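Here's the structure we're looking at; comments come further down.
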Amino acid sequence: LADEGRAIELYRDILEQEPSDRDAAAALRRLYEKAGRERELSRLLTHLIDVASSPADRSSLRLDLAQLQRGSFRSPRDATDTLRALLEDDPANAQAVVALSQLLEETGQDEELAELLHTQIERAAERGDATGELALRVRLGEVFEGRLKDTPRALATYEEVLQRDPNHHGALEAVARLGEARGAWDRAEAALAKLLEGAEGPAHVGLALRLAQAREHLGDSAGVEAALQRGLGLDARHPEVRGRLRELYERNQAWQALADLLVGDADLVDLPAGPPPSLPPGASIPPPSGSTAEAIRLYRRAAEIHTTKRGAPQDAIPVLERAALLAPFDRELLLTLGDAYTAAGRERDAMTVLERVIASFGAKRTKEMAVYHHRLAKAFAAMGDRQAALGQLDTAFKIDPGSVVVLRDLGVLAFEAEDLDRAQKTFRALLLQRLDGASGISKGEVFYYLGQISARQGDVARAVQMFERALENEPTHGKAREQLSALKG
């Protein structure tokens, strides 16, 4: 009939005649809650507590009453009294302990809160409830730490828990936190290392980073690396972990590890889908861009480390080959790959790459081509084919007559091949160029070669003149001085 007021009166009549009628009590309670009649609900709960047939029912009702007193009536004192009464009857009631500790904390009754927890710890120990006891000890540590600002007692409390259960997560996290805050890095390190044992998934990377920081404060470089490697195992893409590992390897000159990490960085770059575009010979070649350019930069950096830091060009080759798959028409990249092949003694492979680059120019003849003919000449020379090397250097010279490095190598190779006329013309041409530290040959060295050529041609006077010029430009040139002394002696 939707007459809730009359229904309430009838249920109250029932409870006056039969105080323990559970159905009437439950129905009346629902109606009070629906109508917002909280005072009457409070009286009903008090009545039901008095007539409850079991300790469990009485505890449940007291919890509900305390919640009502705390929330609706904003009377923490009454709620505290209710919960204390509950714990007198039911000392092991975890919900009541939590609710009462929250109330004491909210009202600033910190000493009372600590006393409550001490009492509950003793009772849990008496019951043999090890799990509950340790949870309460952690809570007590939190009170010492957060409310009473007694860090030493908090730390001691947490460590008591760890003596009983070395794997207790809450205590470990607390010890780690306090150790970090106080600069007690040995304690923080031990706790964080334990927390990290068995951890799985990206959510735990923060622990690895914190452990690395603690070990860094302790001067444990190997431990820092181990912690960061553990973080990498949890999340291979984590940018901070990878960045800190790069810094560590660079600082420790761990070149192999750094190169491997950079290759891993490149492998993680999200590349465009599909194969690289094909280009006809002679077509203009756009430089790689975006993520492709970034991956190539990382591969090249790794290859450079293998070549320059480790002196292992053979290890740079597979890295550069991977980069070349991303940009098969990048001439600068292919040139680097060719140099790596040559340095590793794989001249045939170097020649294949360089011929491929030269073919990409088609019918065009630009100064850039001279670079590749020059490199191809080096590959031929390394294989002992001087004539083929001279042919490539001649081609490079015709394309770029002003290239000092081409003239230098052409002159030296012609001299070694006993092609003295060609060598002489080439070294004379070098004297017309500006020679500096980047030229790979000094003016004194050029005159020395011209002196050698004249001597082999039987022109002693000319040879003497060239060696003297060599010493004028480079007084410390020992070989020129020796040759000059021999000719004058």
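Just so it is clear, the structure is predicted and the values come from calculations on it, not from any experiment. By convention here, the first residue in the shown sequence is residue 1.
Side chains of His477 and Glu445: a donor on one and an acceptor on the other come within 3.5 Å. Side-chain polar atoms of Thr151 and Arg182 form no donor-acceptor pair below 3.5 angstrom. Under 3.5 Å, the side chains of Arg462 and Gln465 contain a donor-acceptor pair of N or O atoms. Defined by atom type and a distance below 3.5 Å, a donor-acceptor pair is missing between the side-chain atoms of Tyr299 and Asp265. Between the side chains of Asn252 and Ser221, at least one donor N or O sits under 3.5 Å from an acceptor N or O. No side-chain donor from either of Glu347 and Thr342 sits under 3.5 Å from a side-chain acceptor of the other.
Atom CZ of Arg177 sits in a crowded spot, with more than 12 heavy atoms from other residues, nucleotides or ligands closer than 6.0 Å. More than 12 heavy atoms of other shown residues, nucleotides or ligands fall within 6.0 angstrom of atom CD in Gln229. Heavy-atom neighbours of Arg422 CZ from other residues, nucleotides or ligands within 6.0 Å: above the threshold of 12. More than 12 heavy atoms of other residues, nucleotides or ligands lie within 6.0 Å of CZ in Arg251, so this atom counts as buried by the packing criterion. Residue Gln95 qualifies as open at atom CD: its count of foreign heavy atoms under 6.0 Å is 12 or below. Applying the 6.0 Å contact sphere to CD of Glu112 captures more than 12 heavy atoms from other residues, nucleotides or ligands. Under a cut-off of 6.0 angstrom, the local environment of CD in Glu115 is sparse, with at most 12 non-hydrogen atoms contributed by other residues, nucleotides or ligands.
When side chains are defined from C-beta on, Glu250 counts as touching Trp255, because their heavy atoms get closer than 4.5 Å. A heavy-atom distance below 4.5 Å is found between the side chains of Arg456 and Phe415. Using a 4.5 Å heavy-atom cutoff, the side chains of Arg331 and Ile358 are not in contact. In this structure, the side chains of Leu393 and His373 stay at 4.5 Å or more apart for every pair of heavy atoms. Looking only at side-chain heavy atoms (C-beta outward), Phe447 and Leu471 stay at 4.5 Å or farther from each other. In this structure the side chain of Gln457 reaches within 4.5 angstrom of the side chain of Leu420, judged on heavy atoms. In this structure the side chain of Arg187 never reaches within 4.5 angstrom of the side chain of Leu178, judged on heavy atoms.
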(Q) salt bridge (Lys or Arg N to Asp or Glu O under 4.0 Å), that's the test. Do Arg244 and Glu216 meet it? Break it down for me. (A) CA-CA 12 Å; Arg244 290 189 62 180; Glu216 192 167 332; 3.2 Å; yes
Q: Carefully, step by step, assess Asp235 and His204 under the rule side chain to side chain contact (heavy atoms under 4.5 Å, CB included).
A: CA-CA 9 Å; Asp235 184 1; His204 296 95; over 6 Å; no
Q: Would you sort out whether Lys479 and Leu484 count as a side chain to side chain contact (heavy atoms under 4.5 Å, CB included), showing the intermediate values?
A: CA-CA 9 Å; Lys479 290 182 179 180; Leu484 184 60; over 6 Å; no
Q. Can you list the steps and then say if Leu228 with Leu209 is a side chain to side chain contact (heavy atoms under 4.5 Å, CB included)?
A. CA-CA 7 Å; Leu228 293 173; Leu209 288 168; 4.0 Å; yes
**Q.** Audit row: Ser454, Gln424, side chain to side chain contact (heavy atoms under 4.5 Å, CB included) steps and yes/no
**A.** CA-CA 9 Å; Ser454 296; Gln424 191 174 56; 4.1 Å; yes
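Considering all non-hydrogen atoms of both residues, Thr426 and Leu407 come closest at CG2-O, 3.0 Å. Minimum heavy-atom separation, Ala212 to Val224: O-CG2, 3.5 Å. Across all their heavy atoms, Ala327 and Ile296 have their closest contact at CB-CD1, 3.5 Å. Taking both residues in full, the closest heavy atoms of Leu337 and Ala324 are given as CD2-CB, 4.4 Å, listed atom of the first, atom of the second, then distance. When all heavy atoms are compared, the tightest approach of Gly338 to Ala350 is O-CB, 3.4 Å. Across all their heavy atoms, Ala171 and Tyr158 have their closest contact at CB-O, 3.7 Å.
Separation of atoms CD (Glu225) and CZ (Arg215) is listed at 11.5 Å; rounding is to 0.5 Å. Between the CD1 atom in Ile453 and the CG atom in Asp419 there is a gap of 9.5 Å [rounded to 0.5 Å]. The NE2 atom of His306 sits 9.5 Å away from atom CD of Gln314, with the distance rounded to the nearest 0.5 Å. Within the model, atoms CG of Leu376 and OG1 of Thr395 stand 9.0 Å from one another, a figure rounded to the nearest 0.5 Å. Note that the CD atom of Glu197 and the CG atom of Leu192 stand 11.5 Å from one another [nearest 0.5 Å]. If you take CG on Leu196 and CZ on Arg230, they are separated by 4.5 Å, rounding to the nearest 0.5 Å.
With respect to Lys488 and Glu468, a salt bridge is recorded, a charged nitrogen being found less than 4.0 Å from a carboxylate O. Of the charged side-chain nitrogens involved, none lies within less than 4.0 Å of a carboxylate oxygen, so that Glu474 and Arg481 do not count as a salt-bridged pair. With respect to the salt-bridge test (charged N to carboxylate O, under 4.0 angstrom), the residues Lys309 and Glu304 do not qualify. Between Glu189 and Lys194 there is no salt bridge, since none of the side-chain N atoms of the basic residue sits less than 4.0 Å from a carboxylate O of the acidic one. For the pair Asp267 and Arg322, the salt-bridge criterion is met [side-chain N within less than 4.0 Å of a carboxylate O]. Salt-bridge annotation for Glu294 and Arg300: absent, with no side-chain N of the basic residue lying under 4.0 Å from a carboxylate O of the acidic one.
His168 pairs in a side chain to side chain contact (heavy atoms under 4.5 Å, CB included) with only one of the listed residues (Leu134, Thr131, Val175), which is Leu134. Of the candidates Leu354, Leu334, Val353, Arg375 forms a side chain to side chain contact (heavy atoms under 4.5 Å, CB included) with just one, namely Leu354. The only option from Tyr372, Phe380, Phe397 that meets the side chain to side chain contact (heavy atoms under 4.5 Å, CB included) definition with Gln392 turns out to be Phe380.
A donor-acceptor pair is defined here as one N or O able to donate and one able to accept, closer than 3.5 Å; such a pair exists between the side chain of Arg386 and the backbone of Glu416. In this structure a side-chain-to-backbone donor-acceptor pair under 3.5 Å is present from Arg242 to Leu261. Here the side chain of Ser101 pairs a donor or acceptor atom with the backbone of Val98 at under 3.5 angstrom. Listed for the Ser291 side chain is no donor-acceptor partner under 3.5 Å among the backbone atoms of Val269.
The aromatic rings of Phe467 and Tyr448 lie tilted to each other, with the angle between the two planes from 30° to 60°.
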